[in-house]
Every structure is written in C-alpha cells, then in structure tokens.
Number of protein chains: 2
Amino acid sequence: MAEVRTSTSPGSSEVTVDGHEGDRWDVLQWDARENCEVRQILDRIADKWSLLVISLLEEKTMRFNELRRAIDGISQRMLTVTLRNLERDGLICRTVYAEVPPRVEYHLTPLGCTLLGTIQSLVRWTEQHQEEIVRARAEFDASAR
Amino acid sequence: MAEVRTSTSPGSSEVTVDGHEGDRWDVLQWDARENCEVRQILDRIADKWSLLVISLLEEKTMRFNELRRAIDGISQRMLTVTLRNLERDGLICRTVYAEVPPRVEYHLTPLGCTLLGTIQSLVRWTEQHQEEIVRARAEFDASAR
DNA sequence: CAGCATCCTAATCGATACTG
DNA sequence: CAGTATCGATTAGGATGCTG
C-alpha cells in the first residue's frame, strides 16, 4: 500500500494509471490477473486495516478516536493513512464539524456500502473456519520437519 | 504477512512460514475485530497474491510455473512463499510427482473451495467498480490540494 | 480531539545464484 | 522443473513531538 502523495508533488497521480484493456471475458472469466488497475484496487481494499475499518463503519458513523479504540493495535498513523486512502477511493466519507474540540466523523458512502456484503462474508468465513485452519497449521508444522 | 519469524521451537529449521507469535489468547473476544487469530487469518487470505492464487486454482489444478506465468509480476520467491502458506493453512494441496523433470501440482482443498465464492465476489466487485474508484481518486486529488 | 511531520527500525520483496 | 539460500533495496509502520 503506497502512502499516497509524499509532499505536495504537482501532478500527484502516483502510480499505475495504465489503460484498461477491453473486457471480453465472461462474468467469471475475469482478467484481474492481467489488469494492474484491478490488482491495485484489490490490494487496497483487501488491506488489513481497511477491511476492519469498513466492517466497523457498517454499524454506524464513527469518530477518529472511536475507531482507534475499536481497532486494537492500530497506530494513529496507520488509521490516518487508511482512512485517507478509503476516502480517496470514495468508499468512506469524512465530515469535519467546526467545533472545539474538533469532531471528525466517518461513514460509508453508497459505494462503500456495496462492499459490505462481500467483506462480511469474508470475515464470517474466517470466523467459521479459524479452528480448522489452526488445526491444519499444527498438522503441517508437525509433519514438515 | 510476516515471512520468517523468530522460530519458536528450538530444533526447527527456518521454515518460511509466518510465525504465530502475535497471538494473544488472554482475552477471549469472539468479535473478529478484536480477535488476533481471526485478524491474522484474514490478513493472510486477503493477501495480494493469495487472492490471485486461490481464484486461479478454481478452474483447475496447476503446476508451479504455470501459476507463475499466469500471475504476471509475481516473483518466484513470492509464489513459493504464498503457496507454502496456503498449503500450511490447509487451503491448497501440493502434490509432488516422482518424475524427471519434477512435476508439482497444486489444487484447492475442500476448505479452500469454501472460500471461492467470497473471493470471486470480491474480485467481481473490484472489476465492476474500478472506474468509479478511479474517478473518485481523480476528484480527491484534484480538490485536496 | 484529530490530525501531520519526522525519524528510524523491522519486515517485505525482488534479483541472483545454486541444487536435486 | 521446482524449488532453496542469500543479500540488498524498498517500504511499511511504530514512536515521538508538534499543531489548530
């Protein structure tokens, strides 16, 4: 995950803005493996923290430190970076209230909401199969040495 | 995805498998966002290359270099590491044929197959919304300066 | 409160060389 | 062919200190 725009570079359009090939594949015959654009987006939303942030924002609008506390182990820096990226991608919306002390709230955009189902099923899959995986790992580790 | 960890077992060779040293069981929280175990697994399967590998193996059993060629841009090292991790997690199965030259084939396990639907919907979502995202990014970059 | 800037270490990953 | 081993470069990401 690139950190997006180091300083105020002029064009600031970081990387891979390659043209997309025409999609002449069937619904399931996706060409993601050949499309840098798709790969890069996948990489971002499948990101460790993004996944968590999006699924947290399902329930409600949340403030910065509220998210920070909810996501145990995230540093302030990474939360900032993650939120900024999600905002840039149009998945979440950032609202600043002109108050003292300042209040900033985040919520999913309609686009972000369309991702919820998939992410939830991913999280649910993991919850449901974690023991199976732990078992597989133990077995692998035991036999592979 | 950590690659090599301080090996926890004494006699163990440096298997290139992520250590599970971050696991803290002290608090049994069965919410995915607070469960390190789940988070770690999520992190692995939502990995850039894992996603690609799993979805490629949907269609058929594949050999090492076949996968390598199919996944443009992956290094031999990362393919090895990714496959090893997926195998360890019980998601894919590795079969070595005693031939010369050697042949090694990979295919999804039943557990791996249960992940397919979710991963495909993730990939499909990305494909369907990539232009929307690119547009959002351009807009963000233009205004946020 | 909600950040941004900086420094700096640890982890990731690609390139290269070598093996069964 | 299908890896392993090593090394060097890049990057992620935590810690800290400073703002409005």
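The sequence lines fix the lettering, A, B, ..., with proteins before strands; numbering per chain opens at 1.
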For B/Arg94, enumerate each residue passing the salt bridge (charged side-chain N to carboxylate O under 4.0 Å, His left out) test, keeping only those at least two apart in sequence or located in another chain. none

Separation of C/dA2 C1' from A/Leu67 CG (nearest whole Å): 12 Å

Are the side chains of B/Ile54 and B/Glu58 in touch, meaning some heavy atoms are under 4.5 Å apart? no

How many Å lie between CG on A/Leu79 and P on D/dG13, as a whole number? 13 Å

Figure out the CZ/C1' separation between A/Arg84 and C/dG3, and round it to whole Å. 8 Å

Under the salt bridge (charged side-chain N to carboxylate O under 4.0 Å, His left out) rule, collect the residues that match up with A/Arg103, sequence neighbours excluded. A/Glu99, A/Glu105

How long is the line joining CZ of A/Arg69 and P of C/dA2, in whole Å? 8 Å

Below 4.5 Å, heavy atoms only, C-beta onward: do B/Leu122 and A/Leu115 meet side chain to side chain? yes

Would you state whether a donor and an acceptor, one from the side chain of A/Gln76 and one from the base of C/dC4, lie under 3.5 Å apart? yes

Of the candidate nucleotides D/dC1, D/dG14, C/dA2, which contains the atom at the shortest distance from the side chain of B/Asn65? D/dC1

Compare side-chain N and O positions of A/Arg68 against OP1 and OP2 of C/dG3 and report whether any pair is under 4.0 Å apart. no

Assess the side chains of A/Ser50 and A/Thr82: does a donor N or O sit below 3.5 Å from an acceptor N or O? no

Could you tell me whether B/Arg84 and B/Glu87 have a side-chain N and a carboxylate O separated by less than 4.0 Å? yes

Rounded to whole angstrom units, what separation is found between the CG atom of A/Asp47 and the P atom of C/dT12? 14 Å

Atom-pair distance (OH on A/Tyr97; P on C/dG3), nearest Å: 13 Å

Overall bend of the helix from C/dC1-D/dG20 to C/dG20-D/dC1 (five pairs an end, 10° steps) is 50°

Apply ring pair (Phe, Tyr, Trp, His ring centres under 6.0 Å) to A/Trp49 and list each qualifying residue two or more places apart in sequence or on a separate chain. none

Got a salt bridge between B/Lys60 and B/Glu66, using NZ or NE/NH1/NH2 to carboxylate O under 4.0 Å? yes

How long is the line joining CZ of B/Phe64 and C1' of C/dT19, in whole Å? 14 Å

Which of residues 99-108 of chain A have a heavy atom under 4.0 Å from DNA chain C? A/Pro101, A/Pro102, A/Val104, A/Tyr106

According to a strict under-4.0 Å criterion, is B/Arg77 in side-chain N/O contact with OP1 or OP2 of C/dT16? no

Counting heavy atoms from C-beta on, name the nucleotide in D/dC1, C/dA2, C/dC13 closest to the side chain of B/Met78. C/dC13

Can you tell me which residue pairs pass the salt bridge (charged side-chain N to carboxylate O under 4.0 Å, His left out) test with a partner in residues 106-120 of chain A, sequence neighbours excluded? none

Whole angstrom value for the distance that separates C1' of C/dG3 from CD1 of A/Ile74: 14 Å

